[in-house]
Amino acid sequence: HRNMRRRSLLLVLALTGAGCAGGAPSRLVTLGTPSGRGEIDFRVENRSASVVNNLYLVESSRVAAAPREALLPGALEQSGLWGDDLLRSGLEVGGQLRVPVPAAGRYDVRVVDRNGREQHVAGLRLMAGGRYTLELEEGGWRAPR
């Protein structure tokens, strides 16, 4: 478990740190020990300096199987991969939002700020009965292309 957790953290750090603004990278915080049963309490906390306009959650396996174009900011293929925006309104700086997770597994999160910058945090392992907070930090933003 420790090696898996370390690999997941390195993957998140590599993906959020590439081509981004200065500052801390975004990270997943596990609160307590997942029980293995029950719902997943997954929250996204905006600790960056930008309002988040869009938030998407999709299974990591779908992202891995997607064509490269679906991962490029602004590409038409993005909507087919990421689906519907989970925000009803923006996620303000300092705000927190509970995001429904359909089942335990690995997920990717993509957020877009009001200037079109994106964060893609990959391979989040969310277990049944677990409580998690994805802390969006300033270091994870990539400028639009």
Side-chain angles (χ1 to χ4, degrees), residues 1-21 23-48 50-91 95-145:
H1 286 6
R2 179 175 281 157
N3 284 338
M4 259 180 146
R5 195 174 306 170
R6 184 172 291 145
R7 266 188 265 148
S8 293
L9 179 59
L10 290 174
L11 177 62
V12 168
L13 292 174
L15 287 172
T16 59
C20 60
S26 295
R27 69 187 184 120
L28 181 68
V29 176
T30 302
L31 306 167
T33 303
S35 67
R37 290 174 295 181
E39 71 177 346
I40 298 166
D41 183 350
F42 178 62
R43 296 169 191 270
V44 176
E45 181 180 352
N46 185 4
R47 299 175 76 173
S48 78
S50 298
V51 173
V52 174
N53 281 0
N54 310 95
L55 186 144
Y56 306 90
L57 176 79
V58 69
E59 298 90 359
S60 294
S61 60
R62 287 192 53 214
V63 175
R68 186 175 189 281
E69 294 78 24
L71 301 177
L72 297 176
L76 294 175
E77 293 84 358
Q78 275 189 328
S79 64
L81 170 62
W82 295 100
D84 294 331
D85 180 7
L86 299 176
L87 287 181
R88 292 194 180 141
S89 62
L91 181 57
Q96 189 177 92
L97 172 75
R98 186 160 189 220
V99 177
V101 177
R106 288 202 182 271
Y107 290 88
D108 283 22
V109 172
R110 179 176 153 252
V111 294
V112 183
D113 78 358
R114 70 171 113 201
N115 297 316
R117 296 185 310 161
E118 295 190 6
Q119 287 199 39
H120 177 182
V121 185
L124 302 177
R125 184 174 179 216
L126 304 177
M127 299 172 60
R131 292 181 22 226
Y132 306 91
T133 299
L134 175 59
E135 297 175 344
L136 298 175
E137 298 283 358
E138 192 58 34
W141 294 111
R142 293 183 307 177
R145 299 186 194 270

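Below, all heavy atoms of this structure are taken into account, side chains as well, without hydrogens, waters or symmetry copies.
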Residue pairs involving residues 55-73 (criterion side chain to side chain donor-acceptor pair (under 3.5 Å); sequence neighbours excluded) = Ser60-Asp108
All side-chain contact (heavy atoms from CB on, under 4.5 Å) counterparts of Thr30, not counting sequence neighbours | Pro34, Tyr132
Hey, are the side chains of Glu138 and Arg47 touching, using non-hydrogen atoms and a 4.5 Å cut-off?
-> no
Return the set of residues passing side-chain contact (heavy atoms from CB on, under 4.5 Å) with Ala70 (not counting sequence neighbours), or none when no residue passes.
-> Ala66, Pro67, Glu77, Leu81
Take Arg117 and Arg142, measure what side chain to side chain contact (heavy atoms under 4.5 Å, CB included) needs, and give me the verdict at the end.
-> CA-CA 5 Å; Arg117 296 185 310 161; Arg142 293 183 307 177; over 6 Å; no
Residues passing the side chain to side chain donor-acceptor pair (under 3.5 Å) test with Asn53, sequence neighbours excluded, are none
Ring centers of His120, Trp141 separated by less than 6.0 Å | no
Taking only Lys NZ, Arg NE, NH1 and NH2, and the carboxylate oxygens of Asp or Glu, determine whether Glu137 and Arg27 approach each other closer than 4.0 Å.
-> no
Using the test side chain to side chain donor-acceptor pair (under 3.5 Å), find all partners of Arg131 that sit at least two apart in sequence or belong to another chain.
-> none
Yes or no on side chain to side chain contact (heavy atoms under 4.5 Å, CB included) for Val52 and Val112, after CA distance, side-chain angles and deciding distance?
-> CA-CA 6 Å; Val52 174; Val112 183; over 6 Å; no
Who are the side-chain contact (heavy atoms from CB on, under 4.5 Å) partners of Leu86, not counting sequence neighbours?
-> Leu55, Leu57, Val99
Between Leu124 and Phe42, which heavy-atom pair has the shortest distance, and what is it?
-> CD1-CZ, 4.2 Å
The reported gap from OG in Ser26 to CG in Asn46 (rounded to nearest 0.5 angstrom) is 9.0 Å
Taking only residues two or more places apart in sequence or in another chain, which ones pass salt bridge (Lys or Arg N to Asp or Glu O under 4.0 Å) with Arg98?
-> Glu39, Asp41
For Thr133, all residues meeting side-chain contact (heavy atoms from CB on, under 4.5 Å), sequence neighbours excluded = Leu31, Arg43, Glu45, Gln96, Glu135
Side chain to side chain, Val63 and Val58, heavy atoms closer than 4.5 Å = yes
Search all heavy atoms of Gln119 against all heavy atoms of Gly140 and return the closest pair with its distance.
-> CG-O, 3.1 Å
Give the C-alpha distance, both sets of side-chain angles, the deciding distance and a yes or no for side chain to side chain contact (heavy atoms under 4.5 Å, CB included) between Val111 and Leu136.
-> CA-CA 9 Å; Val111 294; Leu136 298 175; 4.0 Å; yes
Atom CG in Asp113, atom OG in Ser48: separation rounded to 0.5 Å?
-> 7.0 Å
Look up atom CD1 in Ile40 and atom OH in Tyr107, then write down how far apart they are to the nearest 0.5 Å.
-> 6.0 Å
In terms of heavy-atom contacts, Gly129 and Ser35 come closest through CA-OG, 3.4 Å
Non-hydrogen atoms of Gly90 and Val51 that approach each other most closely = CA-CG1, 4.3 Å
